[in-house]
Amino acid sequence: MKETYINALKALSHPNRLQLFWIVLNAGRKISITEATDRMNAPQEEVTNDLETLHKAGLVILEKETNCLYYRAKEQVEYQYQALENSIRFLPDSFFNPDKEQTSLPSDTLDDNENGIKWQYHY
């Protein structure tokens, strides 16, 4: 289990694969290689290789339909994988597109009254 989690982290260590996984997670459905290529604005071979790496790392599931390949996020049951997914899912679009205006998840302050701590979150 430890090695598979480390492999997932390694797969996500490349910025393009991180963004691609973010796209798959936020699609909320299976997406084709063509759609992923369009969203990434990258060569299809590169996107295909990155999706295969995410698949081997156990982060996405490959589905074949007729002449088309689709990928969707693998439903994770282990807590550390769920936490990893959520940390990526909630990255704002501006994280990957710095020139794009942020449209969600504004900076917020969370008061932890129980401990008297204020947490400042910047998204």
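The analysis underlying the following values was restricted to heavy atoms, covering all of them including side chains, and did not include hydrogens, waters or symmetry mates. Every value quoted in this text rests on a predicted model; they were computed, and no experiment measured them.
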Query raised in the report: Would a 4.5 Å heavy-atom cut-off, applied to side chains only, mark Tyr71 and Ile33 as touching?
Result: yes

Requested in this report: Using atom types as modelled and distance alone, determine if a side-chain donor or acceptor of Tyr5 lies under 3.5 Å from a backbone N or O of Tyr81.
Outcome: no

**Report entry** Within residues 51-61 or reaching into it, pairs that qualify as side chain to side chain donor-acceptor pair (under 3.5 Å) - sequence neighbours excluded
**Finding:** none

Query raised in the report: Does the side chain of Lys64 reach to within under 4.5 Å of the side chain of Leu69, using non-hydrogen atoms?
Result: yes

Query raised in the report: Is atom CD of Glu65 surrounded by more than 12 heavy atoms (other residues, nucleotides or ligands) closer than 6.0 Å?
Result: yes

Requested in this report: Report the C-alpha separation of Leu9 and Leu84 in whole Å, then their side-chain angles, then the decisive distance to 0.1 Å, and conclude whether the side-chain contact (heavy atoms from CB on, under 4.5 Å) test is met.
Outcome: CA-CA 9 Å; Leu9 291 172; Leu84 179 62; 3.9 Å; yes

Please tabulate, for the side chains in residues 18-27, all donor-acceptor contacts under 3.5 angstrom to protein atoms that are two or more places apart in sequence or on a different chain.
from, atom 1, to, atom 2, distance (Å)
Trp22, NE1, Leu91, O, 2.9
Asn26, ND2, Trp22, O, 3.0
Asn26, ND2, Arg89, O, 3.3

Query raised in the report: Can you get from Leu51 to Leu62 by hopping between Ile, Leu, Val, Met, Phe, Trp and Tyr side chains that sit under 4.5 Å apart?
Result: yes

Query raised in the report: At their closest point, which heavy atom of Ala57 faces which heavy atom of Asn7, and how far apart are they?
Result: CB-O, 3.8 Å

Query raised in the report: Considering residues at least two apart in sequence or located in another chain, which fulfil the salt bridge (charged side-chain N to carboxylate O under 4.0 Å, His left out) criterion with Glu63?
Result: Lys30, Arg72

Query raised in the report: If you round to the nearest 0.5 Å, how far is CD of Glu85 from CD of Glu75?
Result: 8.5 Å

**Report entry** Under 3.5 Å donor-acceptor, Gln76 side chain and Gln82 backbone
**Finding:** no

Report summary line: Residues pairing under salt bridge (Lys or Arg N to Asp or Glu O under 4.0 Å) where one sits in residues 13-24, two or more places apart or in two chains, turn out to be Arg17-Asp50

**Report entry** Where at least one partner belongs to residues 37-47, residue pairs that pass side chain to side chain donor-acceptor pair (under 3.5 Å), sequence neighbours excluded
**Finding:** Asn16-Glu46

Query raised in the report: Can you list every pair that meets salt bridge (Lys or Arg N to Asp or Glu O under 4.0 Å) and has a residue in residues 5-14, with sequence neighbours left out?
Result: none

Query raised in the report: To the nearest 0.5 Å, how far apart are CD1 in Ile88 and CG in Leu12?
Result: 4.5 Å

